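Have a look at the structure below before the remarks.
Model, not experiment: these values are computed from the prediction. The sequence lines fix the lettering, A, B, ..., with proteins before strands; numbering per chain opens at 1.
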Amino acid sequence: MASTSSSSVSEPPTNSEPVPADSVQEIHPGEDEDLAAKPEVLRWWEAVPAVEKVDENVGVPKQPEVYKWWENSAGESTVTVKWKTLEHNGVLFPPPYEPLPSHVKMRYDGKELDLPPAAEEVAGFYAALIESDYTQDAGFNENFFRDWQTVLQKHPPRDGIEVTNLQLCDFRPIFEYFEAEKAKKKAMSAQEKKDMKKAIADLELTYTTCLFDGREEKVGNFRIEPAGLFRGRGEHPKRGCLKYRVQPEDVTINIGGNAPIPVPNVPGKWKEVIHDNTVTWLATWTENVNGNHKYVFLVVGSSLKAQSDMLKFEKARELKASHGHIGRIRTTYDVDLKSTVLADRQRATALCFIDKLGLRVGEEEHDADVDTVSCCSLCCVHVRLEAPNFVVFDIIGEDSIRYYNRVPVEVQVFENIRIFKENKSDEDRLFDYVKKADLNEYLQTEMKGLTATVFRTFNASSTLQRLLDENDLRSANLQEKLNAYNKASHEVAILCNHRRAVPPSRTHAQATEQNKLRSLKYDRMQLRRTLFKVDEKFRGTKEYMDNESDMNDEWTASHEEAMKTGDVENTEGLAEDGEKVSVLRDRIAEIEAAYPALEQERGTDADFKRAKLAEKIQETIGELDEEIKARKLRIIDRKEAMEIALSTSKINYFDPRITIAWCKIRDVPVEKVFSQSLRLKFAWALEVEGDWKF
DNA sequence: CTCACGACTTAGTAGAAGCGTG
DNA sequence: CACGCTTCTACTAAGTCGTGAG
């Protein structure tokens with residue numbers, strides 16, 4: 001499957017290939033020293049056998065000898081101990097609200113509104129967003145306004161105005177004040193900025209690290225989340241609700257029994273101080289909007305997190321290792337697809353989706369929140385069948401990201417879906433006999449520690465390995481190598497459905513492309529018209545009927561205006577349009593110039609010339625068509641590429657050793673592929689042999 | 001034996017930082 | 001040296017999964 005034997009791996013290419021001058025290849029000499037100069041990186045993995053060996057006889061993995069203190073001799077049901085000693089300085093609360101200067105007042109129904117600080121603060125949260133998409137959303141607005149009104153009730157405007165209608169609120173004065181403040185900050189000198197940063201760093205210094213079993217470790221999110229408006233994704237029913245300011249009274253501190261208890265940086269007392277060494281968090285509080293728990297943990301690069309990260313990949317590798325777990329599991333579910341027990345058949349089908357399509361397991365129900373779905377929560381509407389063997393998924397998945405996939409499936413899977421959908425309505429569960437817990441319980445029996453998510457890790461990592469192996473890149477330059485890596489990442493990201501919103505700056509570039517395309521279409525239209533004038537007979541022919549669909553009068557008019565003023569290049573970004581197009585444009589100009597002379601001419605000679613011209617026009621239209629088609633495809637391609645988020649799989653699903661080994665074999669500096677923070681996170685993997693395989 | 005809850009991982013986004021360029 | 005674009009990091013929302021209470 002994914003792995004090829006190491007003997008088939010190409011020799012590392014010699015590094016003598018010609019490299020274009022612009023593709024920077026040298027590693028910055030300071031770079032390595034930089035890493036080495038950071039003694040903070042605890043090399044916990046060195047004390048440890050890197051790979052967890054599996055006992056062949058029992059099939060039970062031995063615990064790796066990392067920090068044996070959390071190994072507990074007392075057997076399986078005992079909770080694990082995560083630390084012996086823990087010292088830290090608690091969390092950092094944001095500074096109290098600072099009222100706006102007295103000249104900054106929002107308006108209500110045209111009149112200035114004199115708000116007490118508490119109400120003004122909430123108005124400010126909204127004001128900051130008035131030019132964003134959030135405030136275009138009725139649900140967001142409704143929730144905000146209701147919560148704000150509650151605050152206003154307690155802290156009414158000092159001038160007695162009653163705020164009853166969001167439409168009458170004008171937050172712009174506050175917004176503009178914020179903008180001005182931002183501009184002021186931006187205009188500060190480099191030194192001032194530096195000083196300010198230093199001051200913040202000093203203030204935060206005591207919070208950034210803790211003593212975890214006596215080792216210094218970095219604390220992750222020690223800053224308490226500031227109050228604000230809840231930015232739930234998609235159609236989250238609570239979007240726009242007011243998230244309260246967190247007080248010491250809300251926060252529970254978890255710390256070693258002998259450690260000094262930190263003092264909050266704002267007035268107040270901790271809700272509680274506990275000494276629970278079975279958990280890894282340093283502090284927790286409950287957020288008011290959804291009642292979710294928030295935790296303060298160590299940073300991702302901490303040894304604690306890194307170890308569990310490594311264990312995750314070891315688990316995924318175990319799935320495919322010599323015992324052939326994955327082969328056996330797949331064979332079993334293939335058989336179970338035909339099981340006479342409906343529950344088994346459903347489970348096998350669900351498992352097939354999780355394995356082959358990378359679906360998440362999908363919780364059954366989370367308190368009527370958003371209706372995002374995944375495998376176990378699939379309803380009949382979400383899955384359509386298309387004969388002969390296609391299944392079409394169209395669902396709103398995690399983070400309200402749409403998952404649309406039309407895939408061919410085995411006959412048995414197709415048949416099963418048909419059966420499961422029988423006599424059910426759209427909103428009924430497709431897998432009504434499968435619960436997430438059952439599925440994971442079943443997986444446990446197949447392999448200890450196996451859960452649905454392991455399939456995602458396993459499939460992402462093994463696919464990456466396979467794709468990278470496909471191309472030895474012997475004669476490629478650095479950029480080509482990086483492109484190959486990104487292409488492989490891209491494919492995995494699609495498998496995992498990792499998507500992102502396209503930032504506005506990019507949509508602008510898209511618009512430029514779109515304009516170039518339209519201007520080509522305009523040329524085509526003009527050519528067609530000339531062709532009809534040269535010879536009426538073409539008017540009726542099918543291939544010249546097309547009216548270049550997306551060209552409306554408005555655009556045509558503005559385009560023609562731009563051409564008159566000679567401003568096409570500037571307004572439509574046509575300047576750097578490539579040689580091919582300029583050759584075509586020259587031809588078009590020739591044609592348009594040739595026609596008027598012919599217009600009044602009659603006789604056989606003229607007919608001949610007309611026929612010749614018509615031929616030339618047809619030819620040119622043909623070439624234009626090709627160019628238009630190519631550009632259309634490129635636009636679609638680029639758009640799709642922009643929507644795919646490559647980082648998520650790199651951070652969470654790719655065993656870093658795959659990438660690092662690839663870098664070594666292909667002679668690519670690791671820092672071209674892993675950013676500083678990823679190199680920190682994956683420090684444990686940076687020393688693998690060149691031919692390491694997932 | 002459920003199921004709600006607690007803890008921890010996975011996820012997209014906003015904004016800061018970096019960077020080539022006119 | 002401001003500008004526009006890309007990349008990186010911080011932030012926090014939204015999942016998963018095991019467990020412990022009832």
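In this structure, Phe458(A) places its CZ atom 20 Å from C1' of dT16(C), rounding to the nearest Å. Atoms CZ (Arg360(A)) and P (dC8(B)) sit 21 Å apart, rounded to a whole Å. Distance Glu671(A) CD to dC8(C) P: 12 Å, rounded to the nearest Å. For the pair Asn254(A) CG and dA7(B) P, the interatomic distance rounds to 9 Å; values are reported in whole Å. For Met196(A) and dA16(B), the CE to P distance is 11 Å, given to the nearest whole Å. Across the protein-nucleic acid pair, Tyr442(A) atom OH and dC17(C) atom P stand 16 Å apart, rounded to whole Å. Across the protein-nucleic acid pair, Ile651(A) atom CD1 and dC8(B) atom P stand 21 Å apart, rounded to whole Å. The interatomic distance linking Arg239(A) (CZ) with dT13(B) (P) rounds to 15 Å, in whole Å.
Comparing dG18(C), dC8(B), dT13(B) by their closest approach to the side chain of Gln444(A) singles out dG18(C). Of the candidates dT10(B), dT9(C), dT12(C), dT12(C) carries the atom nearest the Lys294(A) side chain, counting heavy atoms from C-beta on. When distances run from any side-chain atom of Ser675(A) to the nucleotides dA7(B), dT10(B), dT9(C), the shortest one goes to dT9(C). Comparing dG6(B), dC17(C), dG12(B) by their closest approach to the side chain of Ala452(A) singles out dC17(C). Among the nucleotides dG15(C), dA14(C), dC17(C), the one closest to any side-chain atom of Thr453(A) is dC17(C). Side-chain proximity of His498(A) to dC17(C), dC8(B), dA11(B): nearest is dA11(B). The nucleotide whose nearest atom lies closest to any side-chain atom of Asp309(A) is, among dT10(B), dC8(B), dG12(B), dT10(B). Of the candidate nucleotides dT10(B), dA11(B), dT12(C), dT12(C) has the atom lying nearest to any side-chain atom of Lys243(A). Counting only heavy atoms from C-beta on, Thr451(A) has its side chain closest to dG18(C) among dG18(C), dG15(C), dC8(B). Comparing dC17(C), dA7(B), dG6(B) against the side chain of His293(A) picks out dG6(B) as the nearest.
Both Arg231(A) and Val279(A) lie close to DNA chain B; mapped to their nearest nucleotides by heavy-atom distance, the more 5′-ward contact belongs to Val279(A). Comparing Gly232(A) and Gly220(A) against DNA chain C, the residue whose closest nucleotide sits nearer the 5' end is Gly220(A). Where Asn497(A) and Lys305(A) each meet DNA chain B at their nearest nucleotide, the meeting point lying more 5' is that of Lys305(A). Across the interface with DNA chain C, nearest-nucleotide mapping of Lys186(A) and Ser374(A) shows Lys186(A) to be the residue nearer the 5′ end.
Residue Lys197(A) is in sugar-phosphate contact alone, with no base atom involved, counting any heavy-atom pair closer than 4.0 Å across all strands shown. Among the protein residues, Ser647(A) comes within range of no part of the nucleic acid, since none of its heavy atoms lies under 4.0 Å from any strand. Contacts of Tyr134(A) with the nucleic acid, taken as non-hydrogen atoms under 4.0 Å apart, involve only primed sugar atoms and P, OP1 or OP2. Base engagement by Phe297(A) is indicated by at least one non-hydrogen atom pair under 4.0 Å involving a base atom.
Proximity of the aromatic rings of Phe144(A) and Tyr134(A) is defined here by a centroid distance below 6.0 angstrom, and this criterion is not met.
Side-chain contact annotation: Gln191(A) with Asp195(A), donor-acceptor N/O pair under 3.5 Å present. Tyr333(A) and Asp355(A) share a side-chain donor-acceptor pair at under 3.5 Å. For the residue pair Thr659(A) / Tyr485(A), a side-chain donor-acceptor distance below 3.5 Å is found, with atom types taken as modelled. A side-chain N or O of Asn141(A) and one of Tyr126(A) form a donor-acceptor pair less than 3.5 Å apart. Inspection of the Ser374(A) and Glu398(A) side chains reveals no N or O donor paired with an N or O acceptor under 3.5 Å.
At the phosphate of dA11(B), OP1 or OP2 sits under 4.0 Å from a side-chain N or O atom of Arg456(A). Applying the 4.0 Å criterion to OP1 and OP2 of dC8(B), one finds that Lys82(A) has a side-chain N or O inside that range. Taking 4.0 angstrom as the limit, His236(A) places none of its side-chain polar atoms (N or O) nearer than this to OP1 or OP2 of dA13(C). Considering only side-chain N and O atoms, Arg223(A) lies under 4.0 angstrom from the phosphate OP1 or OP2 of dC11(C). Phosphate contact (OP1/OP2 of dA16(B), side-chain N/O of Lys193(A), threshold under 4.0 Å): absent. Of the side-chain N and O atoms in Asn221(A), none sit less than 4.0 angstrom from OP1 or OP2 of dC11(C). The side chain of Tyr653(A) places an N or O atom within less than 4.0 Å of a non-bridging phosphate oxygen (OP1 or OP2) of dA11(B). Contact check, Thr284(A) against dG6(B): no side-chain N or O comes under 4.0 Å of OP1 or OP2. Neither OP1 nor OP2 of dC8(B) sits under 4.0 Å from any side-chain N or O of Ser308(A).
A 4.5 Å side-chain heavy-atom check between Arg402(A) and Asn497(A) finds every atom pair outside the cut-off.
The aromatic rings of Phe353(A) and Phe393(A) lie perpendicular to each other, with more than 60° between the two planes, well past the 30° mark.
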